[in-house]
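Beneath this line is the structure, given in structure tokens, with notes to follow.
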Amino acid sequence: MTIRRTAATLSSLTLALAVSLCTPAHAATGTFTYTYPTPNGTSIADLTDPHSGTCINIPEVYNIEDSAHSPINHTDSTVTMFTGVDCTGDYYSLRPGGRASSRLLLKSAVFS
């Protein structure tokens, strides 16, 4: 390998590392859906392209005693769901493409 080729390779690697370190926070790509209680029964809501690594409180059940349920993870990230707000309490994870029954209750979630 010539010195010129070695220098070009090192420059490319340095640039790739610099770009990867300056990339903004990652978001999971896709939609995470869940069912939540309403005065007239239930409704379905979703989180589209949710931020990764940040606790997300489910807004429809944040200030009430009831919880959301029946999550479906159509994102490209694993989601960990918590039974309490602010990612507290018992937790469960769903891989991309996973779904759970109405027995899985959640009030907050974080995406990997």
Side-chain angles (χ1 to χ4, degrees):
M1 189 178 265
T2 66
I3 291 176
R4 186 174 285 167
R5 186 180 294 170
T6 302
T9 302
L10 287 175
S11 292
S12 296
L13 290 173
T14 302
L15 179 61
L17 179 61
V19 168
S20 68
L21 292 176
C22 296
T23 304
H26 174 72
T29 302
T31 304
F32 174 76
T33 61
Y34 52 90
T35 302
Y36 65 95
T38 68
N40 298 322
T42 60
S43 191
I44 296 174
D46 64 63
L47 302 172
T48 302
D49 298 334
H51 288 283
S52 296
T54 302
C55 182
I56 301 169
N57 288 309
I58 305 300
E60 294 84 0
V61 295
Y62 182 74
N63 287 322
I64 64 174
E65 193 172 317
D66 290 325
S67 297
H69 58 84
S70 306
I72 303 173
N73 185 12
H74 289 295
T75 72
D76 61 355
S77 297
T78 296
V79 59
T80 302
M81 299 154 291
F82 296 83
T83 57
V85 296
D86 299 325
C87 295
T88 61
D90 292 334
Y91 60 92
Y92 312 89
S93 294
L94 280 179
R95 61 177 171 66
R99 61 180 53 222
S101 73
S102 60
R103 294 185 306 172
L104 195 148
L105 304 178
L106 67 142
K107 284 192 163 281
S108 57
V110 64
F111 293 81
S112 61

Residues clustering with Val85 (ILVMFWY side chains joined when closer than 4.5 Å, directly or via others):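 Tyr62, which link up through side-chain heavy atoms under 4.5 Å apart, make up the rest of the cluster.
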Cluster partners of Ile72, using ILVMFWY side-chain heavy atoms under 4.5 angstrom, listed by chain and number?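 Taking Ile, Leu, Val, Met, Phe, Trp and Tyr as members, Ile72 stands alone, with no cluster partners.
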side-chain hydrogen bond (donor to acceptor under 3.5 Å, both in side chains) partners of Asn57, counting only residues at least two apart: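 Scan of Asn57 (side-chain hydrogen bond (donor to acceptor under 3.5 Å, both in side chains), adjacent residues dropped) gives Asp86.
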Quick one: does Ser112's side chain have a donor or acceptor within less than 3.5 Å of a partner on Thr78's backbone?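 The answer is yes, because a donor-acceptor pair under 3.5 Å joins these two groups.
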Using every non-hydrogen atom in the two residues, find where Ile56 and Cys87 come nearest and quote the distance to one decimal.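 The pair with the smallest heavy-atom distance is N-SG, 4.4 Å.
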Minimal non-hydrogen separation, Ala28 against Ser52, with atom names: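 Smallest heavy-atom distance, with atoms named: N-OG, 3.3 Å.
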Any heavy-atom pair between the side chains of Tyr34 and Glu60 that's under 4.5 Å?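 With C-beta onward as the side chain, the pair touches.
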So do the side chains of Pro71 and Leu94 get within less than 4.5 Å of each other, counting heavy atoms only?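 They are in side-chain contact.
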Indicate if Leu105 and Met81 have the same hydrophobic cluster label, given that clusters are the connected sets of ILVMFWY residues with side-chain heavy-atom separations under 4.5 angstrom.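 Cluster IDs for Leu105 and Met81 differ.
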Linking I/L/V/M/F/W/Y whenever any side-chain heavy atoms sit under 4.5 Å apart, do Tyr36 and Ile58 land together?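 Tyr36 clusters together with Ile58.
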How long is the span from the OG1 atom in Thr38 to the CD1 atom in Ile64, to the nearest 0.5 Å?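 Those atoms lie 9.5 Å apart.
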Quick check for you: to the nearest 0.5 Å, what is the distance between Phe111 atom CZ and Asp49 atom CG?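 Here the interatomic distance stands at 10.0 Å.
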Please list all pairs passing the side-chain hydrogen bond (donor to acceptor under 3.5 Å, both in side chains) test where one or both residues lie in residues 67-76, with sequence neighbours left out.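 Listed once each, the pairs are Asn73-Thr75.
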side-chain hydrogen bond (donor to acceptor under 3.5 Å, both in side chains): pairs with one or both residues in residues 88-104, sequence neighbours excluded: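 Applying side-chain hydrogen bond (donor to acceptor under 3.5 Å, both in side chains) to every pair that reaches into residues 88-104, excluding sequence neighbours, yields Thr80-Ser93.
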Under 3.5 Å, which donor-acceptor pairs do the side chains of residues 41-48 form with other protein atoms, sequence neighbours left out?
from, atom 1, to, atom 2, distance (Å)
Asp46, OD1, Thr48, OG1, 3.0

